[in-house]
Amino acid sequence: MQPIFLIGFMGCGKSTIGSELADSLSLTYIDTDQLIENNLGCTIPQIFETEGEEAFRNYESRALKQSITANIISTGGGIIKRSENIKFMKDNGKIVYLQTSFSNISARLKNDPSRPLWESNDLDDKINLYEQRLPIYEQCANYIIKTDHRSVDEIVQEIKVLLNL
Ligand code: S3P
């Protein structure tokens with residue numbers, strides 16, 4: 001089967017939903033953030049702190065290419081920042097966007113220290129980042145799934161039905 005790439009803003013549930021979806025179908029699963037941390041032996045906040053965002057984006061593009069041995073792939077929220085990543089996902093699989101409202105994202109993340117681009121921004125910057133990215137997620141997705149007020153099981157079920165899994 002073609003890989004399925006889960007995209008969406010930080011905190012929309014890509015990792016939880018991706019691993020549940022994979023488990024429920026006995027498929028293989030990779031999370032690109034996890035892959036970066038495993039490859040480098042350090043955490044994402046450490047990479048941002050010592051090498052900066054640009055270096056992180058290079059590791060991310062590399063991890064994305066490595067990930068396609070898996071059936072279900074959860075990506076980092078900023079994967080769509082590089083058009084080469086979007087092209088890679090479009091050329092190699094199906095893209096599912098998990099769409100979550102800003103208020104739910106905010107409630108979930110609060111001041112999450114594991115997400116440097118969330119933690120270090122004030123409210124206006126967080127809103128700007130969300131509004132900048134939303135149309136990009138929408139444009140590149142093959143499928144859009146709304147996640148607000150829905151359980152993980154419901155979302156997993158909807159993905160299975162939509163993609164005929
Ligand atoms: C980022 C999202 C994070 C992680 C990094 C940068 C972003 O992944 O890749 O902190 O730019 O939105 P999650 O979307 O899994 O939080």
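Being a predicted model, the structure only gives us computed values, none of them experimental.
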Could you go step by step and tell me if E54 and R82 meet the salt bridge (charged side-chain N to carboxylate O under 4.0 Å, His left out) rule? CA-CA 11 Å; E54 208 40 38; R82 288 195 173 171; 2.9 Å; yes

Apply the test side chain to side chain contact (heavy atoms under 4.5 Å, CB included) to residues I7 and L98: give CA-CA distance (whole Å), side-chain angles for both, the deciding distance (0.1 Å), then the verdict. CA-CA 6 Å; I7 65 166; L98 301 180; over 6 Å; no

Test side chain to side chain contact (heavy atoms under 4.5 Å, CB included) applied to V156 and I17, step by step: CA-CA 6 Å; V156 165; I17 288 160; 4.1 Å; yes

Apply the test side chain to side chain donor-acceptor pair (under 3.5 Å) to residues N39 and Q66: give CA-CA distance (whole Å), side-chain angles for both, the deciding distance (0.1 Å), then the verdict. CA-CA 11 Å; N39 284 344; Q66 253 183 295; 2.8 Å; yes

Kindly indicate, with the supporting measurements, whether the criterion side chain to side chain contact (heavy atoms under 4.5 Å, CB included) is fulfilled by R62 and I36. CA-CA 9 Å; R62 210 174 304 158; I36 297 167; over 6 Å; no

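Look at R150 and E158 and you find a salt bridge, because one of the NZ, NE, NH1 or NH2 atoms lies within 4.0 Å of a carboxylate O, short of that distance. Using a cut-off of 4.0 Å between Lys/Arg side-chain N and Asp/Glu carboxylate O, R57 and E60 are scored as salt-bridged.
With values rounded to the nearest 0.5 angstrom, D122 atom CG is found 4.0 Å from D125 atom CG. Taken from CZ in F9 to OG in S106, the straight-line distance is 8.5 Å, to the nearest 0.5 Å. Between atom CH2 of residue W118 and atom CG of residue L109 there is a gap of 5.5 Å, rounded to the nearest 0.5 Å. Here the straight-line distance linking atom CG of L165 with atom CG of L25 works out to 6.0 Å at 0.5 Å rounding. Distance check: Y97 OH to T147 OG1 gives 9.0 Å after rounding to the nearest 0.5 Å. For the atom pair CD1 of I155 and CD of Q157, the computed distance is 11.5 Å after rounding to the nearest 0.5 Å.
A donor and an acceptor atom, one from each side chain of D148 and Q99, are nowhere located under 3.5 Å apart. There is no side-chain donor-acceptor pair under 3.5 Å between R133 and N128. Under 3.5 Å, the side chains of T75 and T32 contain no donor-acceptor pair of N or O atoms. Using modelled atom types and a 3.5 Å distance limit, the side chains of K160 and S24 yield a donor-acceptor pair. Looking only at atom types and distance, the side chain of S114 has a donor-acceptor partner in the side chain of D112 under 3.5 Å away.
Contact record, G93 with N142: O-OD1, 4.2 Å, taken as the closest heavy-atom pair. Closest approach of C140 to I95, counting heavy atoms only: O-CD1, 3.4 Å. Nearest heavy-atom pair across T28 and A70 is OG1-CA, 3.4 Å. Between C42 and I47 the shortest heavy-atom distance is SG-CG1, 3.7 Å. Nearest approach of I80 to I86, heavy atoms of both residues: O-CD1, 3.6 Å. The shortest non-hydrogen separation linking T100 to Y130 is O-OH, 2.6 Å.
Scanning for salt bridge (charged side-chain N to carboxylate O under 4.0 Å, His left out) contacts around D91 gives K87, with sequence neighbours left out. Every ring-ring contact (aromatic ring centres under 6.0 Å, His included) that F48 has, sequence neighbours left out, goes to F56.
Side-chain contact between E53 and K81 is present, with heavy atoms from C-beta onward closer than 4.5 Å. Side-chain contact between L129 and M10 is present, with heavy atoms from C-beta onward closer than 4.5 Å. Side-chain contact between I44 and D33 is present, with at least one heavy-atom pair separated by less than 4.5 Å.
Clustering ILVMFWY residues whenever any of their side-chain heavy atoms sit less than 4.5 angstrom apart, transitively, puts L64 in a cluster other than the one holding L6. One hydrophobic cluster holds both F5 and I79 under the rule that ILVMFWY side chains link at heavy-atom gaps under 4.5 Å. M89 and Y143 end up in different hydrophobic clusters when Ile, Leu, Val, Met, Phe, Trp and Tyr side chains are linked at under 4.5 Å. Taking hydrophobic clusters as Ile, Leu, Val, Met, Phe, Trp and Tyr residues chained together by side-chain heavy-atom distances below 4.5 Å, Y29 shares a cluster with V96. Linking Ile, Leu, Val, Met, Phe, Trp and Tyr whenever their side-chain heavy atoms come within less than 4.5 Å puts F102 and I144 in one cluster.
Although no hydrogens or angles enter the test, the distance criterion places no donor-acceptor pair under 3.5 Å between the side chain of K126 and the main chain of L117. Of the possible donor and acceptor atoms, one in the side chain of R108 sits under 3.5 Å from a partner among the backbone N and O of G11. Side chain of Y137 to main chain of G77: a donor-acceptor pair is present (N/O by atom type, distance under 3.5 Å, no hydrogens or angles). Formation of a donor-acceptor pair under 3.5 Å by the Y59 side chain with backbone atoms of L35 is not found in this model. The backbone N or O of T43 sits less than 3.5 Å from a side-chain atom of Q46, completing a donor-acceptor pair. No donor-acceptor distance shorter than 3.5 angstrom exists from the side chain of S26 to the backbone of A22, with no hydrogens or angles considered. The backbone N or O of K14 sits less than 3.5 Å from a side-chain atom of S74, completing a donor-acceptor pair.
Atom CD of E154 has more than 12 heavy atoms from other residues, nucleotides or ligands within 6.0 Å.
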